[in-house]
Amino acid sequence: MQSDNLFTPLRVGKLKLNHRIVLAPLTRIRAHQETLAPTKLNVEYYAQRATAGGLLISEAVYISPEGMPIWSIYKNIKENGGHSPGIWTSDQVKGWQMVTRAVHSNGGLISCQLLHAGRVAQPEIAEHPLVKGTDLPIPSVSSSATRISSLDEKGNDYNWDQKSVTPRALKTEEIARICRDYKQAAINALEAGFDLVEIHSAHGYLIEQFFCDGVNTRNDKYGGSIKNRARILFEVIETLIDVVGEERLGVRLSPVSIDPLTKNPNQIYFGVVHSNPEPLYEYAIRKLNDYNLAYLLLTEPRVGVLSNIPAKNNTFEVPETNYKYREIYQGTLLGAGGFTPITARKSLSKGNYDLIAFGRWFLSNPDLPERIKKGYELNVYDRDTFYGGNELGYTDYPDYESAINRGKKKYKLISQSSIGRSLS
Ligand SMILES: Cc1cc2nc3c(=O)[nH]c(=O)nc-3n(C[C@H](O)[C@H](O)[C@H](O)COP(=O)(O)O)c2cc1C
């Protein structure tokens with residue numbers, strides 16, 4: 001019998017993985033409201049998803065209040081509260097220590113996704129008790145004073161009910177301070193027991209706000225040419241290599257391209273637009289070969305969960321495109337976005353990616369690797385509880401055994417082969 005390619009081992013840096021199914025980074029907005037630290041509920045969530053030799057990537061973890069948005073749009077957050085976690089205080093480090101210990105005791109491994117959201121973070125965080133009265137830098141900063149353009153007819157931004165402010169352009173000499181903030185966050189991540197650290201350079205946040213000429217209008221060494229616009233990423237990488245080492249560092253990018261027929265980009269994240277994106281991503285990905293990184297995580301543009309292209313189209317049926325960077329990148333390539341167990345296996349067998357990160361399916365199936373291995377049905381996710389609130393839609397998704405034994409089913413089940421035909 002042919003072996004299942006999702007269950008073959010792989011070395012990632014110094015880590016030994018037993019299978020190729022990775023938990024994609026998923027913001028769930030359930031950290032402690034006051035300390036912005038992980039809680040016991042968060043520990044339970046990550047522990048549920050940890051398997052022997054399986055890699056989890058944390059939700060986006062904020063390196064400083066300056067890069068931290070307050071997500072308020074979703075009804076569930078409004079009604080039940082919720083905040084994302086940071087990693088700049090000792091309480092936050094302690095909270096993450098509880099998470100990593102629980103993951104490790106189940107044999108799992110975990111990468112810490114570090115994020116500065118740039119202009120997506122809005123000044124309201126200054127009123128948070130952890131920030132008010134301190135001299136911590138506050139939002140909103142970006143590559144240039146370019147506001148997120150309105151994305152709906154009411155002038156709202158981000159698909160939500162807030163209007164953006166015009167960010168302050170970071171001064172040339174401030175980039176070194178941003179690198180120091182990343183460095184401190186990485187030191188804290190190691191102290192918290194993470195196995196790897198990931199630089200979130202995707203999805204329209206700060207680093208992409210430098211990449212894109214629709215946002216970045218600078219004329220210093222961080223603006224203009226492709227090399228200049230990509231410079232901040234490599235400065236952050238060099239800074240973090242000093243702290244964590246190449247083999248413990250991952251990078252996430254979300255390359256987009258312009259459709260030759262429509263002339264429209266195939267994805268727009270938080271209003272970030274480029275005139276000619278592909279050469280920049282080609283340059284950046286080629287240059288990543290200079291480092292022996294743990295992994296490069298690429299987002300398939302077919303999904304843009306928080307972007308202005310509604311996710312109501314059936315993203316599970318759209319073909320992959322970003323594996324084309326496989327020809328350029330020589331290290332371990334991790335793909336995310338719209339994979340089903342069936343398409344993940346196909347992708348691995350074509351050699352498109354080495355590992356597949358699952359977001360929505362791992363969110364609703366704590367025992368996803370086992371269900372995939374055995375071909376069991378999957379719990380269908382509930383979009384309303386993606387962000388914020390409590391254990392509902394977070395730690396209450398049952399494992400397969402409990403799902404089928406329950407008289408009254410809380411979550412619907414779907415067979416792995418039906419995904420893409422009946423669900424988006
Ligand atoms: C609820 C939710 C939260 C997300 N949060 C993050 C995040 O914090 N960082 C990140 O890089 N991507 C984030 N993403 C994108 C996922 O990592 C992944 O790329 C996306 O879910 C597509 O994969 P899927 O089709 O397997 O769900 C999020 C996606 C969802 C659904």
Side-chain angles (χ1 to χ4, degrees), residues 21-31 42 45-46 49 55-63 67-69 71 73-74 76-77 82-87 111-117 120-121 158-159 197-208 250-256 267 269-270 295-307 309-311 313-318 320 322 334-344 347 353 355-365 368 372 378 380-389 393-394 397 416 419-420 423-424:
I21 299 164
V22 175
L23 172 69
L26 295 170
T27 290
R28 307 303 312 277
I29 318 205
R30 285 164 167 93
N42 307 133
Y45 165 80
Y46 283 104
R49 284 154 185 77
L55 178 64
L56 310 181
I57 306 178
S58 76
E59 62 208 272
V61 178
Y62 291 91
I63 65 168
M68 188 170 212
W71 303 105
I73 163 91
Y74 305 98
N76 195 32
I77 303 178
H83 215 302
S84 288
I87 194 154
S111 180
C112 181
Q113 189 188 57
L114 297 181
L115 180 59
H116 186 308
V120 177
Y158 320 85
N159 283 339
V197 169
E198 178 187 307
I199 304 168
H200 189 349
S201 342
H203 304 169
Y205 297 114
L206 182 69
I207 294 178
E208 269 221 333
V251 169
R252 183 169 207 177
L253 292 171
S254 49
V256 296
Q267 188 55 263
Y269 299 97
F270 290 117
Y295 62 81
L296 169 61
L297 166 57
L298 295 181
T299 311
E300 285 293 338
R302 62 187 169 192
V303 284
V305 174
L306 291 171
S307 75
I309 297 178
N313 63 329
N314 202 332
T315 51
F316 294 108
E317 285 178 335
V318 176
E320 291 158 59
N322 273 341
L334 171 46
F339 285 99
T340 71
I342 292 172
T343 61
S347 188
Y353 290 107
L355 292 160
I356 303 294
F358 289 89
R360 291 164 288 173
W361 294 117
F362 221 150
L363 177 158
S364 57
N365 293 275
L368 185 69
I372 292 182
L378 304 183
V380 173
Y381 45 80
D382 169 25
R383 280 183 185 276
D384 290 344
T385 50
F386 275 3
Y387 303 103
Y394 190 54
Y397 285 109
Q416 295 183 22
I419 301 170
L423 188 77
S424 71

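Remember, it's 1-based here, ligands and their atoms both numbered in the order they're listed.
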Contacting atoms of ligand 1, where contact means under 4.0 angstrom from a heavy atom of [X]:
X	value
H200	9 (N), 10 (C), 11 (O)
A60	8 (O)
G338	23 (O), 24 (P), 25 (O)
F386	1 (C), 31 (C)
F358	26 (O)
H203	10 (C), 11 (O), 12 (N)

Pair [X], [Y]: side-chain N/O donor-acceptor within cut-off below 3.5 Å:
X	Y	result
Y295	E198	yes
T299	R252	yes
Y381	N365	no
Y46	E59	yes

### Task
Report the member of I356, T27, L23 with the shortest heavy-atom distance to atom 4 (C) of ligand 1.
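Heavy atom nearest to atom 4 (C) of ligand 1 belongs to T27.
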
I want to know if ligand 1 touches [X] in the polar sense, i.e. an N/O pair below 3.5 angstrom.
X	result
L363	no
R28	no
R360	yes
P25	yes
W361	no
A24	no

### Task
Applying side-chain hydrogen bond (donor to acceptor under 3.5 Å, both in side chains), name anything that partners E208, two or more places apart in sequence or on another chain.
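So E208 forms a side-chain hydrogen bond (donor to acceptor under 3.5 Å, both in side chains) with S254, Y281.
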
### Task
State whether the side chain of N42 and the backbone N or O of R30 hold a donor-acceptor pair below 3.5 Å, judged by distance alone.
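Yes; judged by distance alone, with no hydrogens or angles, the pair exists.
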
### Query
Under 3.5 Å, is there a donor-acceptor pair between the side chain of S58 and the main chain of Q113?
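Indeed, once roles are kept as given, a pair shorter than 3.5 Å links the two residues.
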
### Task
Measure Y387 to ligand 1 on non-hydrogen atoms and call it side chain, backbone, both or neither using the 4.0 Å cut-off.
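For Y387, only side-chain atoms sit under 4.0 Å from ligand 1.
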
### Message
Parallel, tilted or perpendicular: which one describes the rings of H200 and Y205, with boundaries at 30° and 60°?
### Response
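Judged by the thresholds at 30° and 60°, the geometry between H200 and Y205 is perpendicular.
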
### Task
Compute both the distance and the angle, then confirm whether R302 meets the cation-pi test with F339: under 6.0 Å from the six-membered ring centre, within 45 degrees of the axis.
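R302 over F339 ring: yes.
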
### Task
Kindly write out the residues that satisfy ring pair (Phe, Tyr, Trp, His ring centres under 6.0 Å) with Y397, not counting sequence neighbours, or none if the list is empty.
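For Y397 the ring pair (Phe, Tyr, Trp, His ring centres under 6.0 Å) partners, ignoring immediate neighbours, are Y411.
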
### Task
Tell me, please: is G337 in heavy-atom contact with ligand 1, that is, under 4.0 Å?
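Yes, G337 has heavy atoms under 4.0 Å from ligand 1.
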
